Amino acid sequence: MKIWIDILTPKQLLFSEPIVARLRKNNKILCTSREYREITELAKIRNFDLVFIGKHGGGDKKAKLDASIHRMEKLSKKIKSFAPDITISFCSPEAVRISFGLGIKHIAFCDSPHADAVMRLTLPLIQKLLIPNIISKKEFSKFGISKENIISYKAIDASVTIKRKVDQKISLPFKNNKRKNILIRVEEEEASYASKSSKITPIIKKIVKEYSNENIVILGRYTKQVKNLQKIIGKKAKIVKMSFDGKHLLNNTDIFIGSGGTMTAESALMGIPTISYNAVPNIVENYLVKKHIIKREVNPDKIYNYIKKKFVTSNQKHEKRVKKIVSEMEDPIQKLLKIIKEKY
């Protein structure tokens, strides 16, 4: 069987690794993506074979539309030539449209019903959708896919991606081993669902002021973000673009502050003291907060006090509890393999 997987984000790449590993034994696999700095960097780090077609459209709506149209035109030729039996994606608009046009069955994963524009463009044309069971099927069926075609799994996606092995020999931006490592992830700005108001700047200012004797690393997403932060913070913290495997960074992190997305969930399930400033409210982040796996906070003073407390208390009990929660989650990839075996 021939299987096409379209991969658009770093999280999707990491989630696809075990899928490819299991499917490539008896199938021919084509993995495609688009030119987007974070995913091109991660593909190199992970030695993941991707065919890059088209590019990311950035934050402008017209640019997004143009990029999608141009990518679809080039990608459709490649896919017609490859002639897959099944498409797997994470609700890629281009993969959905091409699969529909060429009559290819499409299975998708999604944990982001808050991505309204993407849901509207993709869900009506997908045959099967796999979702975490913490998200109601209604959150997706309202966009045009029947509940009968939605399959739930008892896990969140980060439970899959944190299992990956990482190269611990690669040097990291934490410079002084005797200091505590505080890692801060800047929010997404160019996704269609992203808010344009920043919650993280006052938090960074407070952390930099109070913890100048510790290793503070800020992960930017775009060149403009990094430059703006450098103007505000100067040399008081290490400001870098994401050019590392996130798990390798988290393995060496004492406190993580994230926007509530993928890296926040990974940090939480690794048992690291994690703060979410909830830049993009979503159901997965809300679940982690209710489980007391992460702390949701936007007040800089309260974040400072939380970090201060965590630096002087043991994290062993928390790590043990998180490990138990993760051990009770099922493997979503097994659900995918079952669907392929039964239906296709």
Side-chain angles (χ1 to χ4, degrees), residues 7-18 20 31 33-50 52 56 90 157-191 200 203-204 207-208 211 214-230 233 235-277 279 294 307:
I7 299 167
L8 304 182
T9 68
K11 177 229 174 153
Q12 293 173 17
L13 186 152
L14 297 172
F15 195 91
S16 296
E17 280 188 344
V20 173
C31 294
S33 188
R34 60 189 174 183
E35 292 291 342
Y36 177 49
R37 200 196 66 82
E38 286 200 358
I39 197 167
T40 53
E41 289 285 339
L42 186 59
K44 290 174 187 175
I45 293 168
R46 302 295 302 168
N47 196 27
F48 191 95
D49 188 19
L50 277 177
F52 291 95
H56 188 277
F90 303 83
D157 293 359
S159 68
V160 175
T161 59
I162 61 169
K163 292 176 182 176
R164 68 188 183 273
K165 294 180 180 179
V166 297
D167 184 357
Q168 299 286 3
K169 295 175 184 177
I170 297 173
S171 61
L172 292 175
F174 303 120
K175 296 301 179 185
N176 192 325
N177 293 332
K178 294 179 181 179
R179 296 178 178 180
K180 296 286 188 180
N181 295 334
I182 302 172
L183 184 63
I184 303 171
R185 179 66 157 151
V186 178
E187 68 263 41
E188 175 61 76
E189 289 180 342
E190 295 187 354
I200 192 60
I203 295 170
I204 291 174
I207 299 300
V208 167
Y211 291 104
E214 311 297 351
N215 291 322
I216 302 170
V217 172
I218 302 168
L219 294 174
R221 295 174 186 264
Y222 309 104
T223 301
K224 186 178 177 182
Q225 271 186 335
V226 172
K227 287 181 178 178
N228 286 342
L229 284 168
Q230 285 171 339
I233 307 301
K235 296 182 179 180
K236 296 175 183 177
K238 184 80 172 177
I239 304 167
V240 297
K241 281 187 183 179
M242 184 60 163
S243 55
F244 309 90
D245 186 315
K247 186 180 177 182
H248 186 21
L249 279 168
L250 291 171
N251 279 339
N252 296 275
T253 295
D254 296 292
I255 291 284
F256 178 75
I257 303 171
S259 62
T262 301
M263 206 167 178
T264 305
E266 285 196 336
S267 175
L269 293 193
M270 288 170 67
I272 298 161
T274 301
I275 300 163
S276 166
Y277 56 90
I294 65 175
I307 295 172

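When a residue number appears, it is its place in the shown sequence, counting from 1. Given the structure is predicted, the values throughout are model-derived calculations rather than measurements.
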Visitor: Mark yes when over 12 heavy atoms from residues, nucleotides or ligands other than K227 sit less than 6.0 Å from its NZ; otherwise mark no.
Guide: no
Visitor: Enter the distance from K11:NZ to L42:CG here, rounded to the nearest 0.5 Å.
Guide: 13.5 Å
Visitor: Please name all residues satisfying side-chain contact (heavy atoms from CB on, under 4.5 Å) with T264, sequence neighbours left out, ordered by chain then number.
Guide: F256, T274, S276, I294
Visitor: Are there more than 12 heavy atoms of other residues, nucleotides or ligands under 6.0 Å from atom CG of N47?
Guide: no
Visitor: For the residue pair I272 and L250, what are the closest heavy atoms and their distance?
Guide: CD1-O, 3.2 Å
Visitor: Does anything in residues 244-257 pair up under salt bridge (Lys or Arg N to Asp or Glu O under 4.0 Å), and if so which pairs, sequence neighbours excluded?
Guide: R46-D245, R164-D245
Visitor: Please report the shortest heavy-atom distance between P173 and K238, naming the atom on each side.
Guide: CB-CG, 4.1 Å
Visitor: Who passes side-chain contact (heavy atoms from CB on, under 4.5 Å) against P18, sequence neighbours left out?
Guide: V160, I333
Visitor: I'd like to check the side-chain contact (heavy atoms from CB on, under 4.5 Å) partners of K241; sequence neighbours left out, ordered by chain and number.
Guide: R37, T223, V226
Visitor: Please work out which of the three classes, parallel, tilted or perpendicular, describes the rings of Y36 and H56, given edges at 30° and 60°.
Guide: parallel
Visitor: Can you tell if the side chain of T9 reaches within under 4.5 Å of the side chain of F90, non-hydrogen atoms only?
Guide: no
Visitor: Give, for atom CD1 of I255 and atom OH of Y211, the distance between the pair rounded to the nearest 0.5 Å.
Guide: 8.0 Å
Visitor: N181 side chain to N252 main-chain N or O, any donor-acceptor pair under 3.5 Å?
Guide: yes
Visitor: Where do L172 and L249 come nearest, in terms of heavy atoms and distance?
Guide: CD2-CD2, 3.7 Å
Visitor: V217 vs T253, test: side chain to side chain contact (heavy atoms under 4.5 Å, CB included). Steps then yes/no.
Guide: CA-CA 10 Å; V217 172; T253 295; over 6 Å; no
Visitor: Mind listing the closest non-hydrogen atom pair of I7 and S33 along with its distance?
Guide: O-OG, 2.6 Å
Visitor: Report the residues that fulfil side-chain hydrogen bond (donor to acceptor under 3.5 Å, both in side chains) with R185, sequence neighbours left out, ordered by chain and then residue number.
Guide: E38
Visitor: Quick one: list whatever passes side-chain contact (heavy atoms from CB on, under 4.5 Å) with K236, sequence neighbours left out.
Guide: V208, I233
Visitor: Passes side chain to side chain contact (heavy atoms under 4.5 Å, CB included), I203 versus I275? Steps please.
Guide: CA-CA 11 Å; I203 295 170; I275 300 163; over 6 Å; no
Visitor: Rounded to the nearest 0.5 Å, what separation is found between the CD1 atom of I184 and the CD1 atom of I207?
Guide: 5.5 Å
Visitor: For the side chain of E214 and the backbone of K180, is there at least one donor-acceptor N/O pair under 3.5 Å apart?
Guide: yes
Visitor: Do E266 and L14 pass the side chain to side chain contact (heavy atoms under 4.5 Å, CB included) test, and can you show the C-alpha distance, the side-chain angles, and the key distance before you say yes or no?
Guide: CA-CA 11 Å; E266 285 196 336; L14 297 172; 4.1 Å; yes
Visitor: Would the distance check show the side chain of T40 and the main-chain N or O of E35 forming a donor-acceptor pair, the cut-off being under 3.5 Å?
Guide: no
Visitor: Would you give the length of the straight line joining atom CD1 of I204 to atom CG of L229, rounded to the nearest 0.5 angstrom?
Guide: 5.0 Å
Visitor: Output the distance between atom CG (L183) and atom CG (L219), rounded to the nearest 0.5 Å.
Guide: 4.5 Å
Visitor: Heavy-atom distance under 4.5 Å between the side chains of I257 and I307, does that happen here?
Guide: yes
Visitor: Step by step, work out the side chain to side chain contact (heavy atoms under 4.5 Å, CB included) result for H248 and D167.
Guide: CA-CA 7 Å; H248 186 21; D167 184 357; over 6 Å; no
Visitor: Determine the minimum heavy-atom distance between F48 and V20, stating which atoms define it.
Guide: CZ-CG2, 4.0 Å
